[in-house]
Amino acid sequence: MIDPELIRTEPAAVEANLGRRRRPEYLDLLRAVQRADAEWRALVRVADDLRRRRNELARQIAEARATGGPAPALADEAKALPERLREIEAGEAAARTARDAALRRLPNLLDESVPYGRDDSENVVVATWGTPGPARPDLRAHAELLERLGMADFDRAHRVSGAGFYYLFGDFVLLDLALQRFALDLLVERGFTPVAPPYLLRRAPYEGVTDLADFENVMYRVAEEDLYLIATSEHPLAALYGGEILEEEDLPIRLAGVSPCFRREIGGHGVDQKGIFRTHQFQKVEQFAYVPPEASPAMLEELRANAEEVFRRLGIPYRVVNVCTGDMGTVAAKKYDIEAWFPRQQAYREVVSCSNCTDYQARRLGIRLGKAGRPGKRVPHTLNSTAVATSRGLAVILEQYQEPDGTVTVPAVLRPYLGGKERLRPTGRRP
RNA sequence: GCUGAGGUAGCCUAGCCCGGCAAGGCGCCAGCCUUGAAAGCUGGUGGGGUUUCCCCACGGGAGUUCAAAUCUCCCCCUCAGCGCCA
């Protein structure tokens, strides 16, 4: 949520910033916020005056009763007042509701450094690491490779759960856990606290962390319950301190969430239709940070460096893009994507998303920064970044480390987590 | 799921029966005192506004009333016991 105070004091700057998104409905929403806010503020004054008078009269009547009988003139005025106040209060509530509804639908303000662009094709490459190999037409699609290894069953998963689900078996399950544990250990080394969060959230806190469209398109809702399956552990980690006051000396807070992620909408078909690249369910190790406002740009680079380190140690070439205006979501003010090189596809594909959400989530969640019981609260900034998602992280390993004989070399950094195993081989047995 | 107890400021609590300016403690901030610190003492300690002042804030909402933390109704949440259960 954008700071309403900023909309009052710097309307032109807010309008210019929202304008960069080239979505006229946002400017309409801004005007709706301004209109409702002005109306609300005017009515608050009228209502305050009426309440002051009501309190005066109540006091006088109480005093009069203590000494003698109530003065009739006072009683008449006192009787007439509540109805008028009720009318004003109704208008005040309506204006406030209208303002807040529009305010909550406005996206975050974009950082100055976000490049202008229409869609993801205009994201700007800011770094590359490693050298993409030559085309490898011999490589198998990762889904086919897994089936041949006897380490995944997609057809049966589709039968019992639908497209987008999968069974994994044997050493590949251990590789999944190894990849998570490797990323987690890296983060612990760098001062993060591992967190196993709840996998379902209530609607109210959930509305603080994401935008309404996600409830329609992305999240699974549990029937008969006010609960939603998390789409990423970012969500419970952001909601963790909702309504609380964080103290300066506790920041920065660095959390490493480990959880499954559930998503209804998983995008396109084609080359990825079968397999573990686009799925309704996957595991993710997520970085999350709470920082004072002035520290968020540096923290964004820190999270990005951690995510890059995961892929460097895995030996997987990648590039980093600065996501452009047309590809930005609602919540982030600035976002890097890390795109890993998939040698069979001869393409960079997104494996990490690293966002500075500034004060947008924290304000919606009612998180404040300051001393409990003292005035002068600020709103902290929140940031999040994938460390590794073990759908796509595994998929890229399967392409990068695939051998001509259909086996898969285990990346050296993962071997300690697999009892030193160097290679995934076909089991030759059911499943 | 059943029964009961609760939700008051950053935290803990009183007030609720019987309606009349939300009391107290802890923590925190400042001052006094002190070589320094602690203790002690004094004052302050939420949000908003047109800032000597006013309004709001007792889980949320509606109602009764001149006046609601307090009375009535609806809803939410937490805890405990029981039930069920990996």
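Because only heavy atoms are used, hydrogens play no part in the values below, and waters and symmetry mates are left out as well, while side chains stay in. Letters A, B, ... mirror the listed sequences (proteins, then strands); counts begin at 1.
Among residue pairs with one or both ends in residues 350-373 of chain A, those qualifying as salt bridge (Lys or Arg N to Asp or Glu O under 4.0 Å) are Asp3(A)-Arg363(A), Glu247(A)-Lys371(A), Glu249(A)-Lys371(A), Asp359(A)-Arg363(A); sequence neighbours excluded.
G4(B) and A9(B) have their P atoms separated by 27 Å, with the value rounded to a whole Å. Using atom P as the reference point in both A30(B) and A38(B), the two lie 11 Å apart (nearest Å). Taking atom P in both C11(B) and G19(B), one finds a spacing of 30 Å when rounded to whole Å. Only the C1' atoms considered, C79(B) is 23 Å distant from G25(B), to the nearest whole Å. Nucleotides G63(B) and A57(B), compared at atom P, are 15 Å apart to the nearest Å. Only the P atoms considered, G6(B) is 31 Å distant from C66(B), to the nearest whole Å. Atom name P, nucleotides G60(B) and A68(B): the rounded distance is 15 Å, in whole Å. Spacing of C1' atoms, A14(B) relative to C32(B), comes out at 31 Å, to the nearest Å.
Among the nucleotides A67(B), C55(B), G63(B), the one closest to the side chain of Arg86(A) is G63(B). Closest to the side chain of Lys377(A), out of G46(B), C56(B), C54(B), is G46(B). Closest to the Ile245(A) side chain, of the nucleotides G63(B), C55(B), G10(B), is G10(B). Each of G49(B), G46(B), A67(B) was ranked by its minimum atom distance to the side chain of Glu5(A); first place goes to G49(B).
The distance between atom CG of Asp3(A) and atom P of G47(B), rounded to the nearest whole Å, is 14 Å. Per the geometry, CZ belonging to Arg8(A) stands 11 Å off C1' belonging to G49(B), to the nearest Å. The separation between Leu81(A) atom CG and A68(B) atom P is 11 Å, rounded to whole Å. As a whole-Å value, the separation of Arg54(A) CZ from A67(B) P is 7 Å. Distance CD (Glu56(A)) to C1' (G20(B)): 16 Å, rounded to an integer number of Å. The interatomic distance linking Leu85(A) (CG) with U64(B) (C1') rounds to 15 Å, in whole Å. Here U65(B) presents its C1' atom at 14 Å from CD of Glu83(A), a figure rounded to the nearest Å. Between the CG atom of Asp48(A) and the C1' atom of A57(B) there is a distance of 13 Å, given to the nearest Å.
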Would you sketch RNA chain B in dot-bracket for me? Only Watson-Crick or G-U wobble pairs with both distances under 3.5 Å count, crossing pairs as [ ], other-strand pairs as |, the rest as dots.
-> ((((((((.[[[..)....(...]]]((((((.......))))))((((...))))..[[[[[..)....]]]]])))))))....

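The side chain to side chain donor-acceptor pair (under 3.5 Å) test with Thr407(A) singles out one residue from Arg425(A), Gln402(A), Arg423(A), and that residue is Arg423(A). Across Gln34(A), Arg99(A), Glu15(A), a single residue satisfies side-chain contact (heavy atoms from CB on, under 4.5 Å) together with Ile7(A), and that is Gln34(A). In summary, of the residues considered (Phe262(A), Tyr166(A), Phe165(A)), a ring-ring contact (aromatic ring centres under 6.0 Å, His included) with His280(A) occurs for Phe165(A) alone.
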All N/O contacts under 3.5 Å from nucleotides 24-30 of chain B to the protein, with atom names and distances to one decimal?
| residue | atom | partner | partner atom | Å |
| --- | --- | --- | --- | --- |
| C29(B) | O4' | Arg374(A) | NH1 | 3.2 |

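Along RNA chain B, the nucleotide closest to Arg96(A) and the one closest to Arg368(A) are compared, and the more 5′ of them pairs with Arg368(A).
A distance of 6.0 Å separates CD in Glu399(A) from CZ in Phe342(A), rounded to the nearest 0.5 Å. Between the CD atom in Glu294(A) and the NE2 atom in His381(A) there is a gap of 8.5 Å [rounded to 0.5 Å]. Distance check, rounded to the nearest 0.5 Å: CG of Asn322(A) to NZ of Lys335(A) gives 11.0 Å.
Within 4.0 Å (heavy atoms only), Arg202(A) reaches sugar-phosphate atoms of the nucleic acid but no base atom. Residue Asn55(A) is classed as a sugar-phosphate contact, given heavy-atom separations below 4.0 Å to backbone atoms only. As judged by a 4.0 angstrom heavy-atom cut-off over every strand, Arg45(A) is placed among the base-contacting residues.
A cation-pi geometry, defined here as NZ or CZ lying under 6.0 Å from the six-membered ring centre and within 45° of its normal, does not hold between Arg156(A) and Tyr167(A). Stacking of Arg349(A) on the aromatic ring of Phe277(A) is recorded, both the 6.0 Å distance cut-off and the 45° axial limit being met.
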Between Phe215(A) and Tyr228(A), does a ring pair (Phe, Tyr, Trp, His ring centres under 6.0 Å) hold up when you go through it step by step?
-> CA-CA 9 Å; Phe215(A) 286 95; Tyr228(A) 294 79; 5.1 Å; yes

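In this structure, Arg203(A) does not reach the C76(B) phosphate: none of its side-chain N or O atoms is under 4.0 Å from OP1 or OP2.
A donor atom on one side chain and an acceptor atom on the other are not found under 3.5 Å apart for Asn384(A) and Gln287(A).
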